[in-house]
Structure formats: C-alpha cells, structure tokens
Amino acid sequence: MKCVVADDYRQYADFLERIPRLFAQGEGTVVYQQRNEVRRMEHQGKTFIVKRYKRANPVQQVVYTFFRKTKAERAFLFAQTFRERGIDTPHEIAYLETSEHGLFTVGYFVCEECTWRDAALDLREAEIFDRPLGRAVMEHVALMHSRGVLHGDLNLTNFLYQQREDGGYAFKMIDTNRSRFTEGMPADGECLKNLVRLTHRRDLYEYLMSQYAAIRGWGVEETVAKALQLLDDFENRRYRLVH
C-alpha cells in the first residue's frame with residue numbers, strides 16, 4: 001500500500017496507514033455513500049474526512065498503475081494547487097492507494113473537516129433561492145476562472161460557504177480531483193462550458209448565468225441563451241447515455 005502524508009500531519013501517520021482496515025471494519029460515521037463513500041473519523045481529538053473511491057475496474061487498474069495519477073492523488077495535489085492560486089479548500093492530509101498483484105485497486109483521500117454550509121441548500125433546494133448568495137457564488141467562479149482554475153465538477157453542492165461579519169461570503173471548494181488548470185484566464189467558451197453542471201433548475205441557472213455575464217462584462221441575454229443551449233445539450237447527452 002502507498003500512503004503519502006502532508007508534512008503538517010506526519011504525527012498521524014500510524015493512524016492514517018490503518019484507514020483501509022478501519023473502513024473494512026465499518027469504523028467512522030458515514031457522511032455520503034453512493035459510488036464513492038465519505039466517512040468522518042476521529043483520532044486523538046481530531047476529525048478526519050476520508051473519501052474512499054470506488055474500486056477500479058480492470059482497465060482502470062492498468063491505467064492508474066502505469067499511465068495516470070489516481071483520483072486520490074489528484075485530490076491531494078489539486079488541493080495544494082487550489083490554495084496556491086488563492087482558492088480555499090479543506091486542507092489535504094493524506095492519500096492512500098491499495099494494490100493487488102501489482103495493480104492499483106482502491107484510493108483514499110483524507111482532508112480536514114469543513115462544517116460550512118452547502119450552497120445548494122439555499123439555492124437549488126430553496127423554494128425562493130438566495131439571490132445575494134447566488135451572486136457571490138458566481139463572483140467566486142469568476143475569481144477561480146481569472147486564476148486559471150476550472151473545477152471539474154462545478155455543481156452547487158461543492159461550494160461550502162459561511163457569511164462573513166461584513167456581510168460577504170467566504171467559500172471552500174470540495175471534490176476537486178477532476179479540475180483543470182490554465183495559465184491565466186481560460187477561453188470564454190471554456191469558462192461557459194465549465195458552468196453547465198451548476199444546476200438543472202432553470203430559473204436558478206438563468207439567474208446565475210446572468211450574474212456571471214454581468215461580472216465578466218458580457219452581454220447578458222446572449223450569454224444566457226448560449227448557456228441554456230449548452231445545458232440542453234448536456235442534459236440530452238446524459239439522457240442518451242442512460243437510455
């Protein structure tokens with residue numbers, strides 16, 4: 001097994017190396033469980049958030065062993081890159097990779113806990129969505145883009161936020177392992193495509209796109225029309241894949 005621990009957390013190395021076994025024993029509190037599983041674990045008074053990625057299929061085992069960094073390693077490295085570019089994210093602690101017969105099988109990513117609120121609760125899930133929060137989300141997206149950060153799964157559940165004393169908002173981005181990075185602002189088309197996963201709720205999506213356009217100095221009506229077409233195309237592709 002491979003276990004890489006961030007310098008500031010080496011005192012927890014013995015515990016971190018036991019995480020695959022602890023997972024197998026059902027230790028920790030389940031936070032999220034679908035294709036991947038996230039658990040909250042406690043050790044020596046500290047809380048660790050552990051994400052176990054789905055077991056790699058035979059093709060992925062070869063790819064991740066010889067040709068590409070695993071999702072766990074990318075999550076660890078990309079957290080560093082986000083912060084280097086001034087975009088906050090829960091601090092990475094470690095990543096682990098298990099293997100069988102010389103081939104990668106399962107990856108784990110460990111980070112600090114963030115108890116901030118999920119922006120989707122007050123936007124996508126709210127009957128009347130929070131417009132100031134929506135504007136702040138798009139300002140944060142524009143900031144990420146200006147720093148060459150294209151989050152790979154830019155949906156509202158991956159924005160954790162808290163309101164500052166001055167009335168503004170602070171954000172931490174999660175689930176960053178599929179992100180891409182550019183030198184400077186990406187092309188306009190790339191930025192617009194990056195927004196297509198934000199939400200499928202049309203009234204909210206149109207509002208968010210109008211705010212992004214205003215922040216970027218783009219034509220609002222034209223931008224919203226392009227964004228809606230991209231969303232239609234995205235949803236149609238997903239429908240064809242499912243059916």
Side-chain angles (χ1 to χ4, degrees), residues 1-10 12-24 28 31-39 41 48-114 141 144-145 147-155 157-160 172-187 190-191 193-194 196-197 241:
M1 183 187 71
K2 179 180 180 181
C3 179
V4 175
V5 182
D7 290 342
D8 293 343
Y9 300 88
R10 293 197 181 280
Y12 303 110
D14 289 344
F15 163 74
L16 294 166
E17 289 173 357
R18 298 200 307 271
I19 279 177
R21 186 165 70 251
L22 294 173
F23 242 89
V31 177
Y32 175 87
Q33 189 175 37
Q34 288 191 13
R35 180 177 58 182
N36 306 315
E37 183 171 345
V38 179
R39 292 190 194 175
M41 294 186 174
F48 299 81
I49 298 299
V50 184
K51 182 173 186 176
R52 181 179 68 181
Y53 295 93
K54 181 181 177 183
R55 182 184 175 92
N57 63 39
V59 173
Q60 291 170 332
Q61 290 179 20
V62 173
V63 170
Y64 287 136
T65 300
F66 299 109
F67 303 108
R68 191 178 183 193
K69 289 181 174 62
T70 66
K71 293 178 180 179
E73 182 177 3
R74 279 181 278 144
F76 183 87
L77 296 175
F78 288 1
Q80 297 172 343
T81 303
F82 266 63
R83 283 198 317 283
E84 288 168 359
R85 297 193 179 207
I87 307 300
D88 205 2
T89 186
H91 201 293
E92 71 285 353
I93 293 174
Y95 74 93
L96 301 89
E97 298 172 351
T98 62
S99 300
E100 294 176 7
H101 311 295
L103 294 177
F104 166 80
T105 52
V106 179
Y108 300 78
F109 172 60
V110 188
C111 68
E112 289 188 338
E113 182 181 38
C114 177
V141 172
M144 286 194 287
H145 288 171
R147 295 180 177 176
V149 176
L150 291 161
H151 190 292
D153 188 9
L154 200 66
N155 74 73
T157 60
N158 289 330
F159 291 78
L160 303 183
K172 288 182 185 282
M173 303 304 299
I174 61 173
D175 204 7
T176 64
N177 66 281
R178 288 186 285 176
S179 300
R180 294 190 298 114
F181 305 98
T182 63
E183 293 303 320
M185 180 75 79
E190 277 192 285
C191 292
K193 287 179 182 178
N194 188 229
V196 76
R197 294 177 182 269
L241 287 173

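Counting begins at 1 with the first residue of the sequence.
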Would you compute the distance between atom SG of C114 and atom CG of D88 and round it to the nearest 0.5 angstrom? 8.0 Å
Apply side-chain contact (heavy atoms from CB on, under 4.5 Å) to the pair F181 and V149, showing each step before the final yes or no. CA-CA 5 Å; F181 305 98; V149 176; 4.1 Å; yes
With a 4.5 Å heavy-atom cut-off, do L154 and M144 have their side chains touching? yes
Could you tell me if H151 and N158 have a donor-acceptor pair between their side chains, going purely by distance under 3.5 Å? no
Gap between atom CD1 of I174 and atom CD1 of I49 - 0.5 Å precision: 9.5 Å
Rounding to 0.5 Å, atoms OG1 (T65) and CD (Q60) come to a distance of 11.0 Å
Do K71 and Y64 have side-chain heavy atoms sitting under 4.5 Å apart? yes
If only atom types and distance count, is the side chain of R39 paired as donor or acceptor with the main-chain N or O of G28 below 3.5 Å? no
Would you call the rings of Y9 and H91 parallel, tilted or perpendicular, taking 30° and 60° as the class edges? tilted
Exercise: do K2 and Y95 side chains pair donor with acceptor under 3.5 Å: yes
Between H101 and Q61, does the side-chain contact (heavy atoms from CB on, under 4.5 Å) criterion hold? Intermediate values first, please. CA-CA 11 Å; H101 311 295; Q61 290 179 20; over 6 Å; no
Of all the heavy-atom pairs spanning N36 and K54, show the shortest one and how long it is. OD1-N, 2.9 Å
Given side chains that start at C-beta, do those of R55 and E100 come closer than 4.5 Å, heavy atoms only? yes
Side-chain donor or acceptor of T98 paired with backbone N/O of T105 under 3.5 Å: no
Nearest heavy-atom contact between P90 and E112 is CB-O, 3.5 Å
Taking only distance into account, with no hydrogens and no angle test, what donor-acceptor pairs under 3.5 Å do side-chain atoms of residues 72-81 form with protein atoms, sequence neighbours excluded?
from : atom 1 : to   : atom 2 : distance (Å)
R74  : NE     : K69  : O      : 3.1
R74  : NH1    : N177 : O      : 3.3
T81  : OG1    : L77  : O      : 3.3

Could you go through K172 and T89, starting from their C-alpha distance and side-chain angles, then the distance that decides it, and tell me whether this counts as side-chain contact (heavy atoms from CB on, under 4.5 Å)? CA-CA 5 Å; K172 288 182 185 282; T89 186; 5.6 Å; no
Does D175 form a side-chain contact (heavy atoms from CB on, under 4.5 Å) with K51? I'd like the steps, not just the answer. CA-CA 10 Å; D175 204 7; K51 182 173 186 176; 3.0 Å; yes
Other residues, nucleotides and ligands only: do more than 12 of their heavy atoms fall within 6.0 Å of NZ on K193? no
Could you grab the distance from atom CE of M1 to atom CZ of R21, nearest 0.5 Å is fine? 9.0 Å
d(E17 CD, L96 CG) to nearest 0.5 Å is 8.0 Å
Which atom pair, heavy atoms only, marks the closest approach of Y53 to Y108? CD1-N, 4.5 Å
Is any side-chain heavy atom of N194 closer than 4.5 Å to one of R180? no
Report yes or no: does R52 contribute a side-chain atom to a donor-acceptor pair with the main-chain N or O of V106 at less than 3.5 Å? no
What heavy-atom pair brings M173 and I87 nearest, and what distance separates the two atoms? CG-CG2, 3.9 Å
Rounding to 0.5 Å, atoms CD1 (I19) and OH (Y12) come to a distance of 12.5 Å
